[in-house]
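The basis for the numbers below is simple: all heavy atoms, side chains too, and nothing from hydrogens, waters or symmetry mates.
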Amino acid sequence: MAKKGLSDSLKKERRLGYLLVAPSLVLILAIAIWPVIQSFYFSLFDYQLNEPQKSSIHLDYNLDLEKYLNNQPFLITALEDEIETAPSEVSEELQDIKSTITSFDEELVQKDGIEGPYNEVNDILFNFEVPSDELKFVEIDRSFGEEFEQTFGSVEKQLVELESEDALQNARRLTGLASGLTESIVEPNFIGFQHYANNLTDVRLWRSLGNTFVFTFVSVGFELVLGMGIALLINKAFFGRGLVRASILIPWAIPTAVSAMMWKYLYDGQNGIIAKFFSEIGIIENMSVLLTTPVGAMASVILTDVWKTTPYMALLLLAGLQTIPTSLYEAASIDGANKWKQFFRITLPLIKSSILVALLFRTLDAFRVFDLIYVLTGGGPANSTEVISLLAYKVMFQQTDFGEGSALAVIVFVCVAIISAIYIKFLGSDLLGDGAKD
């Protein structure tokens, strides 16, 4: 009976635990996981907002009745006019083309669900009005869609051949209308993993990933060293420590876009104070180097990020330092350990978890950097500071290619997941607890 009671109690605690974490899991699913799933879904399609036929996701063939009815009747009329004046051989060929288009139109109207929208769109166009997208696009089965493409593609090819032979009087009109008919069919834009294949063989992607890794590891490395020094300093008891702690956090409190714009003026090649100072002490050849050369621009964004985010690193490390009992340092001093030995034998081992947390947060944050580089350099010069997040933004929003942009977003997510897994795998035992490896 006692075992059963204990088992029921454990089950009750487990259910309570699940209920407590359920809201957080729902939020994570809605805010973090669902956008990634949606981005992956979009990445499987050739989804481009600047092209009408690709501005929405199509799993099946669709027919643009507006474009079809704006071309088909006029093409029939143009063929009839051409037949009357053309030589007998050409006239017979044109008559065959006309018969093909007419019979195909009759077959189209007889398809299920086509006749109603067909007549309605035709009436709307006859009254010089514009049909809605919901009305003018009708879904057709794949076999009929392929037949449509083959039929009107053949018609267009025949007319182009006749045009090349100078056998038509109104060749441009006929070929133009035939081309419009061919373009009225909207193909499925599902392309599978083509975006990933294209991106992974694109030099620009690998260069942006290289820029991202350089920015991430150099900036986080400097921030760790400087943050540790600042944390050790403000952990000591001295007069005005509270004011010093508050002032150190000011760069981190400034919005990233504001600090980037501020440093952009400081780096200016004509009036920038930092550019002038670096030029005077010989770090750079002239003031214009910082934002106009690849090395100068990357160094500039790293310096700006280190200035802004080092206080955050120091704050996380300070929290770890304050958990170390002072009695350990007193005992080490009595045993004759100097400051360096105390640091390497006491401080570093005891704040290993804090260092892991700080490195994990900052590495992931730096890898996803966007606003700092977007404002400061825009990815230039010559894409030398273009990181993967900025590349995804340009493709998705400036080029309005949501399919490829979504693929890049998924690649960013995969990279972040790999970095997180590496941290947890090799350094996470202290963070997760002593039994993590078990």
Side-chain angles (χ1 to χ4, degrees), residues 212-254 283 298-299 301-369 372 415-438:
T212 306
F213 280 110
V214 169
F215 172 84
T216 299
F217 291 118
V218 175
S219 61
V220 172
F222 276 108
E223 289 164 15
L224 177 62
V225 175
L226 296 176
M228 178 65 74
I230 294 173
L232 292 171
L233 175 63
I234 60 180
N235 189 45
K236 302 294 183 181
F238 57 89
F239 178 75
R241 183 174 64 173
L243 179 62
V244 172
R245 286 181 176 179
S247 61
I248 285 175
L249 291 175
I250 290 176
W252 181 56
I254 298 175
I283 295 180
M298 180 60 74
V301 296
I302 290 175
L303 176 59
T304 304
D305 187 68
V306 169
W307 172 85
K308 175 175 173 51
T309 322
T310 295
Y312 176 69
M313 181 74 79
L315 185 64
L316 294 176
L317 297 177
L318 176 62
L321 290 173
Q322 291 185 335
T323 63
I324 303 176
T326 56
S327 58
L328 293 177
Y329 294 105
E330 293 173 357
S333 298
I334 293 173
D335 291 338
N338 58 29
K339 296 296 182 180
W340 284 107
K341 286 186 177 180
Q342 293 178 24
F343 177 74
F344 286 106
R345 299 294 179 86
I346 298 175
T347 304
L348 279 183
L350 292 180
I351 65 169
K352 184 178 178 181
S353 296
S354 299
I355 293 175
L356 170 63
V357 172
L359 282 175
L360 179 60
F361 285 175
R362 274 304 303 137
T363 302
L364 298 182
D365 192 39
F367 192 88
R368 297 180 294 105
V369 65
L372 174 66
C415 291
V416 169
I418 292 174
I419 292 173
S420 301
I422 291 174
Y423 270 105
I424 299 301
K425 176 68 176 178
F426 293 102
L427 300 174
S429 58
D430 290 336
L431 179 62
L432 299 176
D434 294 335
K437 293 183 178 180
D438 299 334

In chain order, what residues pass the ring pair (Phe, Tyr, Trp, His ring centres under 6.0 Å) check against F215, with sequence neighbours excluded? none
Let me confirm one number: the NZ-OG1 distance from K341 to T347, rounded to the nearest 0.5 Å. 14.5 Å
Just by distance, do the side chain of Q322 and the backbone of N235 share a donor-acceptor pair under 3.5 Å? no
Roughly how far, to the nearest 0.5 Å, is CG of D365 from CG of L360? 11.0 Å
What is the minimum heavy-atom distance between T323 and G320, and which atoms define it? OG1-O, 2.6 Å
Non-hydrogen atoms of Q342 and A332 that approach each other most closely: CG-CB, 3.9 Å
Does any part of the side chain of V301, heavy atoms only, come nearer than 4.5 Å to the side chain of V369, both counted from C-beta? no
With a cut-off of 6.0 Å (strictly less than), are more than 12 heavy atoms of other residues, nucleotides or ligands near CH2 of W252? no
Euclidean distance, C415 SG relative to F213 CZ, rounded to 0.5 Å: 5.5 Å
If you take all heavy atoms of D305 and R362, which pair is closest and at what distance? OD2-NH2, 3.0 Å
Measure the CD1-CG distance between I230 and L317 for me, rounded to the nearest 0.5 Å. 10.0 Å
Do you know which of I250, I248, L226, L318 makes side-chain contact (heavy atoms from CB on, under 4.5 Å) with P311? I248
Taking all heavy atoms of F344 and all of P349, pick out the closest pair and write down the distance. O-CD, 3.4 Å
Return the CG to CZ distance between L316 and F361, rounded to the nearest 0.5 Å. 7.5 Å
Using the six-membered ring wherever Trp is involved, compare the ring planes of F343 and W340 and label them parallel, tilted or perpendicular (cut-offs 30° and 60°). perpendicular
Look at atom CZ of F222 and say whether more than 12 heavy atoms of other residues, nucleotides or ligands are closer to it than 6.0 Å. no
Side chains of M228 and I351, heavy atoms from C-beta outward: is any pair under 4.5 Å? yes
So which heavy atom on L328 is nearest to which on I324, and how close? CD1-CG2, 4.2 Å
Identify the heavy atoms of M313 and G227 that sit nearest to each other, and give their distance. CG-CA, 4.3 Å
Quick check against the 3.5 Å criterion: does S219 have a side-chain atom that pairs as donor or acceptor with the backbone of T216? yes
